[in-house]
Amino acid sequence: MDLKSKIRVIPDYPREGISYKDITTLLRDGRAFRYAVQHLAGQCQHKEADLVVCPKARGLMIGAPMAYILGTGLVVLRKPGQLPGEVFTWHYDVEFGGDALEVHRDAIEPGQKVLVVDELLATGGTAHTAIKLVEELGGEVVGAAFLIELTGLGGRYKLRHYDTISLVQYNY
Ligand SMILES: O=P(O)(O)OC[C@H]1O[C@H](OP(=O)(O)OP(=O)(O)O)[C@H](O)[C@@H]1O
Ligand SMILES: Nc1ncnc2[nH]cnc12
């Protein structure tokens, strides 16, 4: 299936110069959604991860069904102030500006094998933060998987010490 044809590209959103990759058009197409998640999960099966860890909002849209297919647990990284338990916080920069993510301190057991999943890899700031949070808690990152990769923004280099896969690539 041509997944690229299911993703809507919106120029100059959320601000001038950003070419926004809108996955809502893929998500509302049942066949495309299932195909994308099954294919990404298929490429990660051999990792034998214990957990999928994904950043809030759009990462969860891909990470949750991936975890379901892989039979792993699911840990969600949230914006500050949205997790009720004791948290660990990490600040980072993204294509659209700065941000921070939090994880529950007891969400990952030392030695657990973790697959980081997000819908899109751009600068790699978000995924790198996810990796740092996992490692801070003693987890072992066995790979990073993305639906979309923007190849011109250096994300893959930022994650160069980790096995990184993506289903659909754009230069920018
Ligand atoms: O590689 P990066 O430069 O870090 O960019 C990629 C991140 O940007 C988007 O998240 P966003 O912060 O817009 O949040 P959302 O998922 O909550 O919409 C996207 O979902 C990735 O997590
Ligand atoms: N160009 C882009 N399109 C959609 N989501 C993004 N997150 C970071 N960069 C993005």
Side-chain angles (χ1 to χ4, degrees), residues 2-29 32-33 36-37 39-41 43-44 49 51-67 74-83 87-104 107-108 114-136 139 141 143-172:
D2 178 12
L3 286 178
K4 221 175 207 181
S5 69
K6 307 290 181 184
I7 297 164
R8 177 165 53 188
V9 178
I10 303 182
D12 299 321
Y13 180 89
R15 60 164 197 263
E16 213 178 316
I18 303 276
S19 168
Y20 189 87
K21 308 303 183 284
D22 176 20
I23 62 161
T24 64
T25 44
L26 182 149
L27 296 175
R28 72 174 155 82
D29 180 327
F33 185 25
V37 172
H39 272 251
L40 203 52
Q43 292 188 30
C44 298
L51 286 175
V52 162
V53 169
C54 56
K56 41 121 186 154
R58 284 177 283 158
L60 185 57
M61 296 171 198
I62 304 299
M66 287 265 296
L74 176 70
V75 171
V76 186
L77 309 178
R78 305 288 307 272
K79 283 184 182 170
Q82 295 182 334
L83 290 171
V87 295
F88 189 82
T89 309
W90 199 281
H91 294 269
Y92 66 105
D93 293 321
V94 286
E95 197 187 2
F96 307 151
D99 219 330
L101 286 176
E102 292 187 336
V103 64
H104 273 144
I108 299 167
V114 172
L115 180 68
V116 170
V117 175
D118 204 348
E119 115 286 4
L120 185 140
L121 173 66
T123 65
T126 306
H128 190 254
T129 300
I131 288 169
K132 289 298 155 203
L133 287 170
V134 169
E135 291 180 343
E136 193 64 34
V141 176
F146 305 88
L147 179 58
I148 301 168
E149 177 179 356
L150 308 185
T151 56
L153 294 177
R156 185 170 284 271
Y157 182 73
K158 191 152 191 160
L159 306 186
R160 64 193 176 281
H161 300 304
Y162 303 88
D163 188 15
T164 301
I165 62 165
S166 61
L167 284 189
V168 179
Q169 295 82 28
Y170 297 84
N171 289 338
Y172 176 70

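Values reported hereafter were calculated over all heavy atoms of this structure, with side chains retained and with hydrogens, waters and symmetry mates removed. We count ligands from 1, going down the list as the structure has it; atoms in each ligand are counted the same way.
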- Give a yes or no on this: more than 12 heavy atoms of other residues, nucleotides or ligands lie within 6.0 Å of atom CZ of R28. no
- Message: For D2, I'd like to know if atom CG has over 12 heavy atoms of other residues, nucleotides or ligands within 6.0 Å.
- Response: yes
- Message: Minimum distance, heavy atoms only, to atom 19 (C) of ligand 1: which one of M61, E119, K21, K79 is it?
- Response: E119
- Item | Nitrogen or oxygen atoms of Y92 and ligand 1 under 3.5 Å apart | no
- Looking just at side-chain N and O atoms, do Q169 and T151 make a donor-acceptor pair shorter than 3.5 Å? no
- Message: Applying side-chain contact (heavy atoms from CB on, under 4.5 Å) to L101 and W90, what does each step give before you reach the verdict?
- Response: CA-CA 6 Å; L101 286 176; W90 199 281; 5.6 Å; no
- Look only at interatomic distance and state if L120 has a nitrogen or oxygen under 3.5 Å from any nitrogen or oxygen of ligand 1. no
- Query: Which atoms form the tightest heavy-atom contact between E149 and S166, and what is the distance?
  - Reply: OE1-OG, 2.7 Å
- Task: Identify which one of T164, L167, V168 satisfies the side chain to side chain contact (heavy atoms under 4.5 Å, CB included) criterion when paired with F146.
- Result: T164
- Query: Out of L150, L121, D118, whose heavy atom is nearest to atom 21 (C) of ligand 1?
  - Reply: D118
- Note on the structure: For S19, the atoms of ligand 2 under 4.0 Å from one of its heavy atoms are 1 (N), 2 (C), 3 (N)
- Task: Indicate yes or no: does an N/O atom of K56 lie under 3.5 Å from an N/O atom of ligand 1?
- Result: yes
- Does Y13 have K21 sitting over its ring (NZ/CZ under 6.0 Å from centre, angle to axis within 45°)? no
- Numbering as shown, the atoms of ligand 2 that approach L150 to under 4.0 Å (heavy-atom distance): 1 (N)
- With only distance considered, is Y20 within less than 3.5 Å of ligand 2 through an N or O on each side? no
- Query: Between D22 and ligand 2, which part of the residue brings a heavy atom under 4.0 Å of the ligand: side chain, backbone, both or neither?
  - Reply: neither
- Query: Can you tell which part of A122 has a heavy atom less than 4.0 Å from ligand 1: side chain, backbone, both or neither?
  - Reply: both
- Note on the structure: So for T123 against ligand 1, with non-hydrogen atoms under 4.0 Å, the contacting part is both
- Task: Please confirm whether G124 comes under 4.0 Å of ligand 1, counting heavy atoms of the residue only.
- Result: yes
- Query: Considering only heavy atoms of G125, which atoms of ligand 1 have at least one such atom less than 4.0 Å away?
  - Reply: 1 (O), 2 (P), 4 (O)
- Any donor-acceptor N/O pair, T129 side chain to Y92 backbone, under 3.5 Å: no
- Note on the structure: Of all heavy-atom pairs linking V103 and A107, the shortest is CG2-CB, 4.0 Å
